[in-house]
Amino acid sequence: MRTPLLVCNIGHEVALEAGDPLHYTPPRLIRQMRYALWSLPLWAVPAWLEGDSWWVHPFSESLSPYLTDRELSHIAKGDVGDSELTLWGHERSLAHNLAKQYGLSGGETCSELPQELKPCWTRAASARFFASYSSVPWRSRVAMITQIEELAKLLTLGACLVKLPYSSSGRGLWRINRLDRQLEETLRKLLRRHRTLLVEPLLDKLQDYGAEYYIDEAGAVQFVGLCAFETDDQGRYLESLCQAPEETLQRLTDSLSDPNELTQALAQHRAYLSREVAPYYRGPVGIDLLSYCSDGVSNHIALHPWVEINLRYTMGHYALDLYRKRIPQGSLAQYRFGILSAQRAKALLSTADAPTLDDAGRLRSGLLPLTGTDLTGVSHLAYLRSLC
């Protein structure tokens with residue numbers, strides 16, 4: 001097996017939205033996030049990678065002051081031999097540039113994604129999943145619309161969340177109770193531009209989850225684990241709960257009024273991935289789902305089995321790997337991994353306790369900055385914290 005050259009290319013989906021061109025420059029915000037967060041793989045690498053030999057591509061010199069020489073030795077600084085480019089998410093232009101920079105054969109990472117996978121990066125996969133793999137009622141599903149009249153009909157069933165076919169992390173969302181003239185005109189313009197919009201019921205959400213999978217070289221779909229995560233009011237990612245995936249699975253199962261809903265959802269995920277994705281893709285996959293109060297009844301908890309799919313190494317994957325590598329086994333404390341803007345991170349750092357690490361580099365207590373703490377020069381901070 002070739003030595004992996006890991007690339008934390010957060011925001012790769014914006015390149016896909018632009019058509020995955022061979023020559024492409026990411027927006028300023030994406031470049032800033034990569035400058036700040038590129039070193040995350042130094043703390044934990046994917047569980048499916050074999051051996052202790054791997055490199056991490058640096059987008060900047062910004063680093064956590066708590067990294068040791070052992071971790072720092074994995075930063076790629078020149079000759080990386082016959083390494084294999086391993087991007088967090090597909091981005092043909094970046095892969096092409098890095099292959100040229102390091103003198104590598106880019107292989108599939110420098111190729112266009114197969115057209116068969118296009119539904120997975122346009123959110124159309126969500127509608128296809130419910131059309132062919134799941135028979136849950138409207139309150140737990142999504143729909144793709146091409147005309148405003150279809151949305152008006154769905155609104156008679158309750159408030160809706162409307163999403164652009166492209167986008168992620170809380171961007172391109174509208175919460176709609178009723179249509180007025182101005183909103184209708186805005187949505188008609190979006191339909192003319194994007195041709196379709198995704199619509200799902202606006203639910204009384206309790207908790208977001210990521211079902212994390214990995215498709216191996218043989219095309220087999222492996223369930224990596226379930227990870228709970230938090231978002232803000234706009235749907236932007238905030239934190240992931242770092243705990244044993246078996247515990248997360250059991251807690252969700254116990255919370256549902258019908259525990260079989262989760263078993264069925266995970267089986268349907270695997271069926272979809274095996275038939276629609278595995279023939280054309282190898283690597284990590286995340287499928288978002290959530291629990292909610294059904295019809296406003298607080299004691300009846302239901303599962304929305306599929307919010308969207310991400311063909312990438314997700315924050316849920318990373319949180320599970322952090323749990324495996326950086327949290328003391330058997331600890332009774334609760335741990336969270338998160339990413340904040342520099343402004344919000346300054347407030348958090350001003351009140352947080354300094355980290356206490358054991359000899360293996362696992363966090364016992366406090367807040368461990370995973371990225372650079374000089375927030376005058378970077379846009380974001382990633383951290384792992386213990387909640388006693």
Side-chain angles (χ1 to χ4, degrees), residues 1 4 12-13 16 20 46-50 84 86-90 107-109 111-137 140-144 165-166 168 198 200 208-229 245-246 248-250 252-253 256 258-291 303-321:
M1 179 179 179
H12 80 106
E13 67 277 2
L16 296 179
D20 194 26
W48 54 83
L49 292 182
E50 300 174 2
E84 180 178 13
T86 307
L87 279 63
W88 275 24
H90 182 87
E108 291 186 2
T109 59
S111 303
E112 293 184 71
L113 277 175
Q115 285 300 305
E116 290 85 353
L117 294 177
K118 187 174 182 179
C120 293
W121 74 80
T122 61
R123 284 177 168 157
S126 300
R128 180 175 294 184
F129 171 80
F130 288 108
S132 302
Y133 294 87
S134 177
S135 58
V136 295
S140 296
R141 61 191 298 126
V142 300
M144 293 291 286
Y166 290 97
S168 67
L198 193 76
E200 61 187 58
D208 286 299
Y209 295 91
E212 313 301 344
Y213 298 91
Y214 180 73
I215 301 175
D216 65 21
E217 291 302 318
V221 178
Q222 303 173 10
F223 178 57
V224 177
L226 195 69
C227 183
F229 67 94
E246 300 82 8
T248 306
L249 191 70
Q250 190 60 54
L252 175 55
T253 300
L256 296 173
D258 180 3
N260 288 327
E261 284 188 289
L262 180 57
T263 303
Q264 293 169 359
L266 296 180
Q268 291 161 353
H269 289 176
R270 295 187 69 150
Y272 180 95
L273 293 173
S274 295
R275 298 170 191 168
E276 309 283 350
V277 179
Y280 317 103
Y281 174 82
R282 299 290 182 269
V285 182
I287 298 176
D288 293 346
L289 56 163
L290 59 86
S291 61
L303 183 72
H304 188 329
W306 178 305
V307 177
E308 62 185 38
I309 184 173
N310 297 294
L311 297 191
R312 64 171 177 264
Y313 183 70
T314 65
M315 292 304 170
H317 276 287
Y318 185 71
L320 293 175
D321 287 324

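Since this is a predicted model, take the numbers as computed values, not measurements.
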Verify side-chain contact (heavy atoms from CB on, under 4.5 Å) between Val142 and Phe129, making sure each step is shown before the conclusion.
-> CA-CA 9 Å; Val142 300; Phe129 171 80; over 6 Å; no

Interatomic spacing from [atom1] in [X] to [atom2] in [Y] - rounded to 0.5 Å:
X	Y	atom1	atom2	result
Glu13	Cys120	CD	SG	14.0 Å
Ile215	Arg270	CD1	CZ	10.5 Å
Leu320	Glu212	CG	CD	6.0 Å
Asp20	His90	CG	NE2	4.0 Å
Arg275	Ser132	CZ	OG	9.5 Å
Leu256	Leu303	CG	CG	5.5 Å

Check for a donor-acceptor pair, side chain of Arg312 on one end and backbone N or O of Trp88 on the other, with a separation under 3.5 Å.
->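 No, Arg312 side chain to Trp88 backbone: no donor-acceptor pair under 3.5 Å.
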
Would you say the side-chain atoms of His304 pair up with the backbone N or O of Leu290, donor to acceptor, closer than 3.5 Å?
->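 No; zero donor-acceptor contacts below 3.5 Å.
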
Glu116: side-chain contact (heavy atoms from CB on, under 4.5 Å) partners, not counting sequence neighbours =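 Checked Glu116 against side-chain contact (heavy atoms from CB on, under 4.5 Å); matches are Pro114, Tyr280.
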
By ring-ring contact (aromatic ring centres under 6.0 Å, His included) - contacts of His317 (at least two apart) |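 Once residues adjacent in sequence are excluded, the partners of His317 under the ring-ring contact (aromatic ring centres under 6.0 Å, His included) criterion are Trp48, Tyr313.
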
With sequence neighbours excluded, residues passing ring-ring contact (aromatic ring centres under 6.0 Å, His included) with Tyr133 |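 Result, ring-ring contact (aromatic ring centres under 6.0 Å, His included) vs Tyr133: Tyr272.
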
Measure the shortest side-chain to side-chain distance between [X] and [Y] over non-hydrogen atoms and say whether it is less than 4.5 angstrom.
X	Y	result
Ile287	Leu273	yes
Leu311	Trp121	no
Leu252	Ser291	yes
His269	Leu289	yes
Thr248	Cys227	no
Thr253	Thr263	no
Tyr213	Thr314	no

Give me the atom names and distance for the closest heavy-atom approach of [X] to [Y].
X	Y	answer
Pro4	Leu49	CG-CD2, 3.9 Å
Gly219	Ala278	O-CB, 3.5 Å
Tyr281	Val285	CE2-CG2, 3.7 Å
Asp288	Gly210	OD1-CA, 4.2 Å
Pro46	Asp321	CA-OD2, 3.2 Å
Pro284	Tyr214	N-CD1, 3.7 Å

Crowding at CZ, Arg282 (>12 non-hydrogen neighbours, <6.0 Å) |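 For Arg282, atom CZ is crowded (more than 12 foreign heavy atoms under 6.0 Å).
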
